[in-house]
Amino acid sequence: MPTLTLHNTLSGRKETFNPVDPERITLYVCGPTVYNYVHIGNARPVVAFDVLFRLLKRLYPNVVYARNITDIDDKIIQAAEENDEPITALTQRFTVAFEQDMAALNAQPPTITPHATDHVDDMVAMIRTLVEKQHAYAAEGHVLFDVQSMPEYGRLSKRSLDDMLAGARVEVAPYKKYAGDFVLWKPSTDEQPGWDSPWGRGRPGWHIECSAMIARHLGPLIDIHGGGQDLIFPHHENEIAQGCCAHGTDYVRYWMHNGYINIDGEKMSKSLGNFRLVRELLKHYPGEVLRFALLSAHYRSPLNFSEELLQHARATLDSLYYALLGRGAQIEPEPGYTLPDDHPVNLALCDDLNTPEAISELHRIAAQLNKAGDADKPRLKAELLAAAGLLGLLTQTPSAWFQQGGGSDALDSAAIDALIEERSAAKKGRDFSRADAIREQLERAGIVLEDTREGTRWSRRPANTD
RNA sequence: GGCGCGGUGGCAGAGUGGUUAUGCAGCGGACUGCAACUCCGUAUACGCCGGUUCGAUUCCGACCCGCGCCUCCA
């Protein structure tokens, strides 16, 4: 079995992965707050950690992957108010939308999808423990975590308390003992959603849900916790504080954080308003193109998101699907093929998810397949499919890939086939001007023809490819 | 101000103490009725200055530039 190395934010370097229990690998990734459709930046961790999930399942017999749904939050309350809609209707709507969007990106569902509102009791219990252990205190209906009670606080984000407060831009609430203390529980007004607690009716702070749900479903100490770099501080730092202080143990062995998606060199974010919704992008590009684009750079690097990136991703997938399609008779992949452990794609992914390296290996296999004699093609096709499958790519049949799309006004395949037949007859009679006229006619409708030894085949070219 | 990350050929993007990343685009060929696909060949690189070394894009130090975080954010 190849060695899996992962970049750990705690140490700032790649480390060999040593699980707490090889019989039960535990992975947690921060999921969405469901008050809107998700943007492509939200999709990056989902796709990156989906590759990790697939890889871990290859390496270990039992992998438990949890990704939460944050369905209680002040932004949700505000959005529901603006829509004049019950909170649960709003959160259910966007939870379903999120799951649809991620499925379109070929991301496998996690093993567990815990919802924050199903775990308020767990959160209250955990907060109570923190108060008992004197890591938290109640003040004016709030409960706050006392960061000064934890000497290690700041270890993940590599900051001292003094450094953090030096640049603080936020007003300090009067009920805080110390400016860096963060909210575990806050009071609700009668209009706001709330739950009963020892500190009165209220609702949880943002960070406590992940700690409580991890403890409930995965245990006090887990193997891997992932998310975007912007969660390192404060969210994950505070999770560590809650988890370590409540359980008296370590919290997470390996912290993994993906880089940002940029637009024109600037971070894409909800607050800057320069985001691209996955749902919108899916109207113009197949989900696999978005997935490929997200995997074309290493997960920790910034990724500049642009039309050009997506066009390139589509063209590259075209070329890989061409290799699967072949140029003559259809090739059946060798049955029962399994990717060897020392396969370059497997090794690339085991090296901290080096997806660009893995993709370059896909090109190498595709080139071999294009050149191979008939005897070698089934094995190479099976190899390409298995290697790409580890990345969640090339999961469609080539003809489905090339013929997908086409709006309601597009030619149906029967009409296309009829024109192709007419063109073939014209070619046979050496009437090339008629044959070319049909090629041009179809081209205007977004259909590209290719002549092969086995006959003519067609594919849809998106109108926005220029 | 504090802390962190990064600067690779026209573009995207890996990697390495000494021999080709890879893809796209370019150039030259082969194939093709036209085309597409494919194949063969080919040019272009490691921000700047020092240091260590037989040898540095790769290690160390300074500098320049860009980006991010410092309690909304994937």
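Protein chains get the first letters and strands the later ones, always in sequence-line order, with residue 1 at the start of each.
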When all nucleic acid strands are considered with a 4.0 Å heavy-atom cut-off, which category describes [X]: base, sugar-phosphate, or nothing?
X: A:Gly31; answer: nothing
X: A:Arg364; answer: sugar-phosphate
X: A:Thr33; answer: nothing
X: A:His312; answer: base
X: A:Leu325; answer: nothing
X: A:Ala297; answer: sugar-phosphate
X: A:Lys427; answer: base
X: A:Thr452; answer: nothing
X: A:Arg453; answer: nothing
X: A:Asp436; answer: base
X: A:Gly227; answer: sugar-phosphate

Distance in angstrom units between [X] [atom1] and [N] [atom2], rounded:
X: A:Ile365; N: B:A21; atom1: CD1; atom2: C1'; result: 15 Å
X: A:Trp206; N: B:C72; atom1: CH2; atom2: C1'; result: 8 Å
X: A:Tyr260; N: B:G66; atom1: OH; atom2: P; result: 19 Å
X: A:His363; N: B:C24; atom1: NE2; atom2: P; result: 7 Å
X: A:His236; N: B:C73; atom1: NE2; atom2: P; result: 10 Å
X: A:Glu308; N: B:A12; atom1: CD; atom2: C1'; result: 8 Å
X: A:Tyr322; N: B:C24; atom1: OH; atom2: P; result: 13 Å
X: A:Arg300; N: B:G68; atom1: CZ; atom2: C1'; result: 15 Å

So does [Y] get a backbone contact from the side chain of [X], meaning a donor-acceptor N/O pair under 3.5 Å?
X: A:Asn274; Y: A:Lys267; answer: yes
X: A:His39; Y: A:Gly41; answer: yes
X: A:Arg300; Y: A:His7; answer: no
X: A:Thr355; Y: A:Leu295; answer: yes

Hey, is the side chain of [X] poking within less than 4.0 Å of OP1 or OP2 on [N], counting only N and O atoms?
X: A:Lys267; N: B:C67; value: no
X: A:Lys176; N: B:U71; value: no
X: A:Asn262; N: B:C67; value: no
X: A:Ser269; N: B:G68; value: no

A:Gln330 atom CD, over 12 foreign heavy atoms within 6.0 Å: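 Incorrect, the count does not exceed 12.
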
Crowding at CD, A:Glu454 (>12 non-hydrogen neighbours, <6.0 Å): yes

Candidates [options] - which lies nearest the side chain of [X]:
X: A:Asn258; options: B:A74, B:A21, B:C70; value: B:A74
X: A:Glu450; options: B:A36, B:C69, B:A14; value: B:A36
X: A:Lys158; options: B:G4, B:A21, B:A74; value: B:G4

Considering every strand shown, what is the Watson-Crick or G-U wobble mate of [N] when both distances are under 3.5 Å?
N: B:G50; result: B:C60
N: B:C39; result: B:G29
N: B:G6; result: B:C65
N: B:G1; result: B:C70
N: B:U19; result: none

Aromatic A:Tyr137 / basic A:Lys177 pairing, under 6.0 angstrom, 45° off normal: yes

A:Arg67 charged N/C atom sitting above A:Tyr28 aromatic ring, 6.0 Å / 45°: no

Contact nearer the 5' end of RNA chain B, comparing A:Arg44 with A:His298: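 With A:Arg44 and A:His298 compared, the 5'-side residue is A:His298.
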
Closest-nucleotide 5' rank along RNA chain B - winner of A:Ile261 and A:His207: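 Its nearest nucleotide being more 5', the pick is A:His207.
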
Test ring-ring contact (aromatic ring centres under 6.0 Å, His included) applied to A:His257 and A:His236, step by step: CA-CA 10 Å; A:His257 293 96; A:His236 290 161; 5.0 Å; yes

Under-3.5 Å donor-acceptor pair between A:Arg439 side chain and B:C34 base: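 Yes, a donor-acceptor pair under 3.5 Å.
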
Check: A:Asp451 side chain, B:C34 base, donor-acceptor under 3.5 Å: yes

Within the 6.0 Å centroid threshold, strictly below: A:His235 and A:Trp206: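 They qualify: ring centres under 6.0 Å apart.
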
Between the protein and nucleotides 39-41 of chain B, which nitrogen or oxygen pairs come in under 3.5 angstrom?
{"residue": "B:C40", "atom": "OP1", "partner": "A:Lys371", "partner atom": "NZ", "Å": "2.7"}

Test: A:Asp50 and A:Arg291 ion pair at under 4.0 Å: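 Salt bridge flag = yes for A:Arg291 with A:Asp50.
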
Using the [atom1] atoms only, state how far [M] lies from [N], rounded to an integer number of Å.
N: B:G13; M: B:G50; atom1: C1'; answer: 30 Å
N: B:U16; M: B:C39; atom1: P; answer: 28 Å
N: B:G9; M: B:C34; atom1: C1'; answer: 35 Å
N: B:U71; M: B:A14; atom1: P; answer: 30 Å
N: B:C37; M: B:G26; atom1: P; answer: 11 Å

